[in-house]
Amino acid sequence: MMNTSKLILSSASMTLAFICSYFMELTMQNAEQYLAIATLIFADGFFGICAGIKREGFKTYKAIKIIRTLFFWTIILTVILVIEKSIPGAGWLSETVVMPLVVLQLISALKNASMAGFIKTEVLNDLLDRIDRHKGVRK
């Protein structure tokens, strides 16, 4: 009886060690992508908190949204990287799924920085007009 429980416990610990080492290696090989997403989300969150304090005061539930967003995009990036690593022709997934996040979060960070007073509204409008030249210029 004692040998069976030791066998089950050692099998479970070896399986868990394998899974953890796999994800550790995946994270270390793609540390720049994880860091880029984390930095972008925290920058957007910082400017969003500053803008929120300026407008309506600090809201805890809005600040917690930053951690939830970071957790969500970390899981999405991990799933994408596992798929890319396991399927040879899926190398395009990162660019297709993650790049829209990067663009939208960057625009959100710029907007929040403008609302917080870090960037002048005219500079932000000029930047956004350069991104969307086909829509014309703001007045």
Side-chain angles (χ1 to χ4, degrees):
M1 190 71 156
M2 195 64 144
N3 288 335
T4 306
S5 61
K6 285 182 180 179
L7 180 65
I8 291 172
L9 184 61
S10 85
S11 296
S13 65
M14 286 188 331
T15 303
L16 186 61
F18 170 75
I19 291 170
C20 289
S21 65
Y22 175 81
F23 285 111
M24 181 67 167
E25 179 188 350
L26 183 74
T27 304
M28 290 293 101
Q29 287 178 352
N30 300 289
E32 294 84 10
Q33 290 184 30
Y34 285 103
L35 186 60
I37 285 180
T39 305
L40 188 57
I41 290 171
F42 280 131
D44 183 29
F46 171 76
F47 291 128
I49 288 172
C50 291
I53 289 172
K54 191 174 181 181
R55 285 183 315 199
E56 60 194 26
F58 182 78
K59 304 278 184 177
T60 306
Y61 68 93
K62 288 186 177 183
I64 292 175
K65 186 178 174 186
I66 299 165
I67 296 169
R68 191 177 70 214
T69 303
L70 178 64
F71 185 72
F72 171 76
W73 281 108
T74 301
I75 289 173
I76 294 296
L77 180 61
T78 303
V79 168
I80 289 169
L81 291 173
V82 167
I83 291 170
E84 284 182 349
K85 191 171 183 178
S86 63
I87 301 173
W92 51 271
L93 273 175
S94 296
E95 292 83 16
T96 306
V97 176
V98 177
M99 281 313 292
L101 159 78
V102 170
V103 171
L104 292 174
Q105 286 291 133
L106 198 54
I107 290 172
S108 176
L110 288 170
K111 182 179 176 186
N112 284 337
S114 174
M115 292 172 74
F118 290 102
I119 299 174
K120 293 182 181 177
T121 306
E122 300 81 30
V123 174
L124 177 65
N125 286 338
D126 184 46
L127 210 97
L128 293 175
D129 286 340
R130 289 175 189 229
I131 291 172
D132 288 335
R133 287 188 187 268
H134 66 281
K135 292 182 181 177
V137 180
R138 296 172 204 256
K139 294 184 182 192

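Along the sequence shown, residues carry numbers from 1. Everything quoted here is computed from the prediction, not taken from an experiment.
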* Is the count of non-hydrogen atoms from other residues, nucleotides or ligands lying under 6.0 Å from Tyr22 atom OH greater than 12? -> yes

To the nearest 0.5 Å, what is the distance between [atom1] on [X] and [atom2] on [Y]?
X	Y	atom1	atom2	value
Ile41	Leu101	CD1	CG	5.5 Å
Ile80	Glu95	CD1	CD	10.0 Å
Lys54	Ile49	NZ	CD1	15.5 Å
Phe72	Thr74	CZ	OG1	10.5 Å
Asp126	Thr121	CG	OG1	12.5 Å
Arg68	Ile66	CZ	CD1	11.0 Å

[X]-[Y] co-clustered via ILVMFWY side chain contacts under 4.5 Å:
X	Y	result
Ile83	Trp92	yes
Ile19	Leu26	yes
Leu124	Met115	no
Leu106	Phe42	yes

* To do: Quick one: closest heavy-atom pair of Ser13 and Ser10, and the distance?
  => OG-O, 3.0 Å

* With distance as the sole test, does Ser114 use its side chain to make a donor-acceptor pair with the main-chain N or O of Leu110 at under 3.5 Å? ->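 No, Ser114 side chain to Leu110 backbone: no donor-acceptor pair under 3.5 Å.
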
* Whether Thr39 side chain and Ala36 backbone form a donor-acceptor pair below 3.5 Å ->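 Here the side-chain-to-backbone pair does not exist.
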
How about [X] and [Y]: do any of their side-chain heavy atoms sit closer than 4.5 Å?
X	Y	answer
Phe23	Val82	yes
Ile87	Leu93	no
Cys50	Asn112	no
Tyr34	Thr78	yes
Leu81	Gln33	yes

* To do: Taking side-chain hydrogen bond (donor to acceptor under 3.5 Å, both in side chains) as the test, write out the residues that go with Thr27, two or more places apart.
  => none

* Check Ile75, Leu70, Leu77, Ile76 against Trp73 for a side-chain contact (heavy atoms from CB on, under 4.5 Å) and give me the one that passes. =>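 When Ile75, Leu70, Leu77, Ile76 are each tested with Trp73, the side-chain contact (heavy atoms from CB on, under 4.5 Å) holds only for Ile76.
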
* Residues in salt bridge (Lys or Arg N to Asp or Glu O under 4.0 Å) contact with Glu25, at least two apart in sequence or another chain -> Lys85

